[in-house]
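These notes are about the structure you will find just below.
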Amino acid sequence: MDNRLRTNLAIGPLMRLYEDTTAQVRGQIMQQLLGYALEIGGHDVVQNAVGVPDMVATHHESGRLFAIEAKTGDPVVLGERDLDGVRRPGGHGVVAAFIFPDTNPRWCLTDAQHLQPGRWQWWQLERKPAIDFGFAVQRVFLDLLIQVPGAVLLDRERLGDWGDRQRGAGWSAFSASC
């Protein structure tokens, strides 16, 4: 599937998610989906429901560690606590800001070392150095949005159950995305 078609197919589920959930629930769901995308890309992911960072991802083969703070608001508001929580010795601090509504919805995966506390517009974040996870994070994330059943996407508990089933199958439906 080409990237434009993938993007167009993902916009529908995103619109529904934005229309039918609160900002807090939407942020939690987006964070959960980003974690799934990282798992598909070969990372062990530990989600942090409370506190900073939102998740820690460790690559299976290289052992590279990423501490990630996920943001879905516009503008992105970063506090000192957010940045301190992702800047870890021996790891890569990432501020993952989801850009939507936009005709090209995507995660901006910014190197936290280049950020200061404050309010950031998405275009400012995109001009900062990005973190490379070693696979096509955006493509995998959009494939997840396309394949997750609509009713499941809107319910964190059902989404968690769906993710557990996919993980149990080795994320086989998504192996071509990487």
Side-chain angles (χ1 to χ4, degrees), residues 1-60 66-77 82 94-110 122 125-126 131 133-178:
M1 175 183 325
D2 80 340
N3 286 335
R4 190 72 243 160
L5 177 58
R6 179 180 281 109
T7 299
N8 288 340
L9 290 172
I11 287 176
L14 278 170
M15 292 296 294
R16 183 161 179 221
L17 183 64
Y18 272 68
E19 291 168 356
D20 294 349
T21 60
T22 65
Q24 181 180 7
V25 170
R26 181 173 50 250
Q28 293 167 344
I29 290 170
M30 298 300 280
Q31 176 182 322
Q32 196 169 359
L33 290 170
L34 177 59
Y36 291 162
L38 293 172
E39 285 183 25
I40 292 165
H43 296 77
D44 292 318
V45 177
V46 177
Q47 298 267 357
N48 182 7
V50 293
V52 178
D54 288 324
M55 69 183 87
V56 175
T58 307
H59 192 268
H60 292 281
F66 302 92
I68 304 161
E69 182 65 15
K71 301 288 187 178
T72 56
D74 183 30
V76 172
V77 179
D82 294 323
V94 182
V95 172
F98 191 69
I99 300 169
F100 189 77
D102 191 87
T103 57
N104 182 25
R106 64 204 173 278
W107 284 100
C108 178
L109 304 168
T110 306
W122 66 264
L125 293 172
E126 286 196 318
I131 294 290
F133 284 88
F135 74 102
V137 175
Q138 310 301 346
R139 184 175 22 183
V140 174
F141 181 82
L142 292 177
D143 284 349
L144 280 165
L145 278 170
I146 293 166
Q147 292 191 35
V148 173
V152 171
L153 181 63
L154 301 175
D155 182 321
R156 283 194 64 225
E157 187 173 322
R158 289 178 68 191
L159 181 59
D161 292 343
W162 178 88
D164 290 344
R165 285 192 304 279
Q166 299 303 316
R167 187 180 298 112
W171 295 104
S172 60
F174 298 93
S175 60
S177 294
C178 296

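Numbers for residues simply follow the sequence, beginning at 1.
Put simply, the side chain of L153 reaches to within 4.5 Å of the side chain of L145, judged on heavy atoms. Residues F66 and L38 fail the side-chain proximity criterion, which asks for heavy atoms closer than 4.5 Å.
Distance check, rounded to the nearest 0.5 Å: CG of L144 to CH2 of W171 gives 6.0 Å. To the nearest 0.5 angstrom, D20 atom CG is 5.5 Å from L154 atom CG. Rounding to the nearest 0.5 Å places CZ of R106 at 4.5 Å from CG of N104. Rounding to the nearest 0.5 angstrom, the gap separating the CD atom in E39 from the CG atom in L34 is 10.5 Å. Taking OG1 from T21 and CZ from R26, the interatomic distance works out to 4.5 Å, rounded to the nearest 0.5 Å. Rounding to the nearest 0.5 Å places CD of Q138 at 9.0 Å from OG1 of T7.
Checked against side chain to side chain donor-acceptor pair (under 3.5 Å), D74 has no partners two or more places apart in sequence or in another chain.
Between W162 and V152, the shortest heavy-atom distance links the atoms CB-CG1, 3.8 Å. Considering all non-hydrogen atoms of both residues, E157 and D155 come closest at N-OD1, 2.9 Å. Smallest separation of non-hydrogen atoms from L14 and P105: CD1-CB, 3.5 Å. Shown here for L17 and M30, the closest heavy-atom pair between the two residues is CD2-SD, 3.5 Å. Heavy-atom minimum distance, M15 versus F100: SD-CZ, 3.6 Å.
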Start with the C-alpha gap between L33 and L159, add the side-chain angles, then the distance that decides, and say whether side-chain contact (heavy atoms from CB on, under 4.5 Å) holds.
-> CA-CA 9 Å; L33 290 170; L159 181 59; 4.1 Å; yes

Carefully, step by step, assess Q31 and I68 under the rule side-chain contact (heavy atoms from CB on, under 4.5 Å).
-> CA-CA 10 Å; Q31 176 182 322; I68 304 161; over 6 Å; no

Going through the distances and angles, do D143 and I40 end up as a side-chain contact (heavy atoms from CB on, under 4.5 Å)?
-> CA-CA 11 Å; D143 284 349; I40 292 165; over 6 Å; no

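Side-chain atoms of Q32 and Q47 form no donor-acceptor pair, as typed in the model, at a separation below 3.5 Å.
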Pairs of donor and acceptor atoms involving the side chains of residues 48-58, under 3.5 Å and at least two apart or interchain, shall be tabulated with distances.
| residue | atom | partner | partner atom | Å |
| --- | --- | --- | --- | --- |
| N48 | OD1 | V50 | N | 3.4 |
| N48 | ND2 | V50 | O | 3.1 |
| N48 | ND2 | P53 | O | 2.9 |
| D54 | OD2 | A70 | N | 2.7 |

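Ion pairing between a basic and an acidic side chain is recognised when a charged N comes within 4.0 Å of a carboxylate O; D161 and R158 show no such pairing.
Each of T110, L109, I99 was scored for a side-chain contact (heavy atoms from CB on, under 4.5 Å) with L125, with one residue passing: T110. Remark: of the listed residues F98, F135, Y36, F174, F98 is the sole one forming a ring-ring contact (aromatic ring centres under 6.0 Å, His included) with F141.
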